[in-house]
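Let me give you the structure first, and then I'll get to my questions.
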Amino acid sequence: DRDTRILDLGCGDGRFTMALLEMGFKNVTAVDTNLRSLHALQRRISPLQNDTAVNVTLVQSSALRLPFYENYFDAALAIGVLYYLNEHYENGLDEVVRVIRKGALLLETEPDLVGNAVKALVFDGPERFVKVVQDREFIEYFADRPLPVRCFSHEELLHLHKAAGCPVTATDSISLFPSLLSISEKRRLAPDSDRVSLFEEELKETFGVLDRISDLAKHRLLICSKN
């Protein structure tokens, strides 16, 4: 149903909001804490303002206190969002589940414990590797500023979503291997990008082979349904 009410939580500058509109969905509420990102999204959707069939609402809000009624949305996206809440992750998940109706789908990505432990061992050394596994915490970098964020085992994600009343019905993996290559290039541990580009197709094919025979993921894609 193209009139489905969809929540795009942590929308940023609207990558997924725009994708939903391009897919034909007409009723999207985009939420972010960052006002600058919302202004950027406003500029992106401005050409659609004369289309009365399109209803995009922009809201500045934390994921921990969403300004919507219970059971309001028919579906929700939380792509690369909730894990930044760290110790408040469960509260954020509960809040998203609160505002979607029974049977609604929640599409979510969360960092994988094993994949991020491997990444820490390769690039940050044994101390950080141990910390990732013991504390469920890895480091992301924003403008070279380190930001500790939470990660999860597959079993933990299944348990947390079941407890929140929105069990996981299907999962997929977002490959770790392109991320390893990207970080290697940034840290100048790999050949320069011009040389890498010569083998781009071979790299994609090789990543595909590894993904088919291993379960090493950077993030987990979760499809969940509210009870």
Side-chain angles (χ1 to χ4, degrees), residues 1-34 37-38 41 55-116 136 140 149-175 215 217-227:
D1 184 355
R2 299 305 184 187
D3 293 322
T4 295
R5 287 189 291 199
I6 302 177
L7 170 65
D8 182 8
L9 183 63
C11 62
D13 65 359
R15 175 183 177 187
F16 295 107
T17 296
M18 298 305 295
L20 289 167
L21 296 175
E22 290 169 6
M23 292 167 63
F25 292 101
K26 304 293 187 183
N27 196 345
V28 181
T29 299
V31 175
D32 205 284
T33 58
N34 190 306
S37 294
L38 292 172
L41 176 52
N55 178 26
V56 180
T57 304
L58 308 186
V59 178
Q60 185 181 22
S61 174
S62 164
L64 294 172
R65 183 174 286 185
L66 294 170
F68 308 111
Y69 294 117
E70 293 182 7
N71 308 312
Y72 182 75
F73 294 100
D74 301 305
L77 276 67
I79 307 299
V81 176
L82 293 178
Y83 66 93
Y84 289 108
L85 297 173
N86 287 320
E87 69 270 20
H88 302 297
Y89 172 87
E90 288 86 347
N91 303 108
L93 178 60
D94 286 342
E95 184 68 350
V96 176
V97 174
R98 180 185 70 81
V99 301
I100 60 176
R101 64 168 175 79
K102 183 177 179 179
L105 291 181
L106 168 61
L107 186 65
E108 182 184 345
T109 59
E110 302 300 347
D112 182 71
L113 171 65
V114 176
N116 283 283
R136 301 300 200 262
E140 281 198 353
V149 288
R150 193 168 170 182
C151 58
F152 310 84
S153 72
H154 182 67
E155 292 73 20
E156 286 167 342
L157 288 170
L158 295 179
H159 172 75
L160 288 169
H161 285 77
K162 183 177 181 180
C166 195
V168 176
T169 59
T171 64
D172 203 349
S173 301
I174 300 174
S175 177
D215 194 34
K218 176 186 176 186
H219 288 76
R220 297 287 174 186
L221 172 65
L222 312 175
I223 300 173
C224 315
S225 180
K226 181 176 178 179
N227 288 336

Working note: R5 + F68, criterion side chain to side chain contact (heavy atoms under 4.5 Å, CB included); need CA distance, chi angles, decisive distance, verdict. CA-CA 12 Å; R5 287 189 291 199; F68 308 111; over 6 Å; no
Audit row: R136, L113, side chain to side chain contact (heavy atoms under 4.5 Å, CB included) steps and yes/no: CA-CA 7 Å; R136 301 300 200 262; L113 171 65; 3.5 Å; yes
Answer yes or no: is there a donor N or O on one side and an acceptor on the other, between the side chain of S62 and the main chain of L64, under 3.5 Å? yes
Do R150 side-chain atoms and N86 backbone N/O form a donor-acceptor pair below 3.5 Å?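 The answer is yes, because a donor-acceptor pair under 3.5 Å joins these two groups.
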Quick one: closest heavy-atom pair of A104 and F73, and the distance?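 Distance-wise, the nearest heavy atoms are CB-O, 4.0 Å.
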Between T109 and G80 the two heavy atoms that sit nearest each other are OG1-N, 2.7 Å
As a quick check of understanding, evaluate side chain to side chain contact (heavy atoms under 4.5 Å, CB included) for L93 and L85, giving each step before the final call. CA-CA 10 Å; L93 178 60; L85 297 173; over 6 Å; no
How long is the gap from OG1 on T169 to CD1 on I223, to the nearest 0.5 Å?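 With rounding to 0.5 Å, OG1 (T169) is 6.0 Å from CD1 (I223).
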Side chains of D13 and M18 in contact at under 4.5 Å (non-hydrogen atoms):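 Heavy-atom side-chain distance check fails, nothing below 4.5 Å.
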Out of curiosity, T33 OG1 to L9 CG, how far, rounded to the nearest 0.5 Å?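 One gets 9.5 Å once the value is rounded to the nearest 0.5 Å.
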Please report the shortest heavy-atom distance between L82 and E108, naming the atom on each side. CD1-OE2, 3.8 Å
Looking at CD of E110 and CG of L160, how far apart are the two atoms once the value is rounded to the nearest 0.5 Å? 9.5 Å
Carefully, step by step, assess C11 and L38 under the rule side chain to side chain contact (heavy atoms under 4.5 Å, CB included). CA-CA 8 Å; C11 62; L38 292 172; 3.7 Å; yes
Less than 3.5 Å apart, any donor N or O on the side chain of D8 or T17 sitting next to an acceptor on the other?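 Judged by distance alone, the side chains do pair up.
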Less than 4.5 Å apart, side chain to side chain, heavy atoms only: is that true for C166 and V96? no
L222 side, atom CG; L158 side, atom CG - distance, nearest 0.5 Å: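 One finds 8.0 Å between CG of L222 and CG of L158.
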Which pair of heavy atoms, one from L66 and one from A63, lies closest together, and at what distance? CG-O, 3.9 Å
Hey, what do you get for CG (D94) to NE2 (H88), rounding to the nearest 0.5 Å?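 So the gap between those two atoms works out to 13.0 Å.
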For S173 and R220, which I'm curious about, is there any donor-acceptor pair between the side chains at under 3.5 Å?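 S173 vs R220: donor-acceptor pair found between side chains.
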What is the distance from atom SG of C151 to atom CG of N116, rounded to the nearest 0.5 Å? 5.5 Å
Determine whether P167 and H161 make a side-chain contact, defined as any pair of heavy atoms from C-beta on separated by less than 4.5 Å.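 The answer is no; the side chains never approach within 4.5 Å.
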Atom NZ of residue position K226 - does it have more than 12 heavy atoms of other residues, nucleotides or ligands inside 6.0 Å? yes
Check L77 against F16 and note the closest heavy-atom contact, atom names and distance. CD2-CB, 3.9 Å
Over 12 non-hydrogen atoms of neighbours within 6.0 angstrom of CZ in R101: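 Atom CZ in R101 is packed in, count exceeds 12.
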Would you name the heavy atoms of L107 and I79 that are closest together and state the gap between them? O-CD1, 3.8 Å
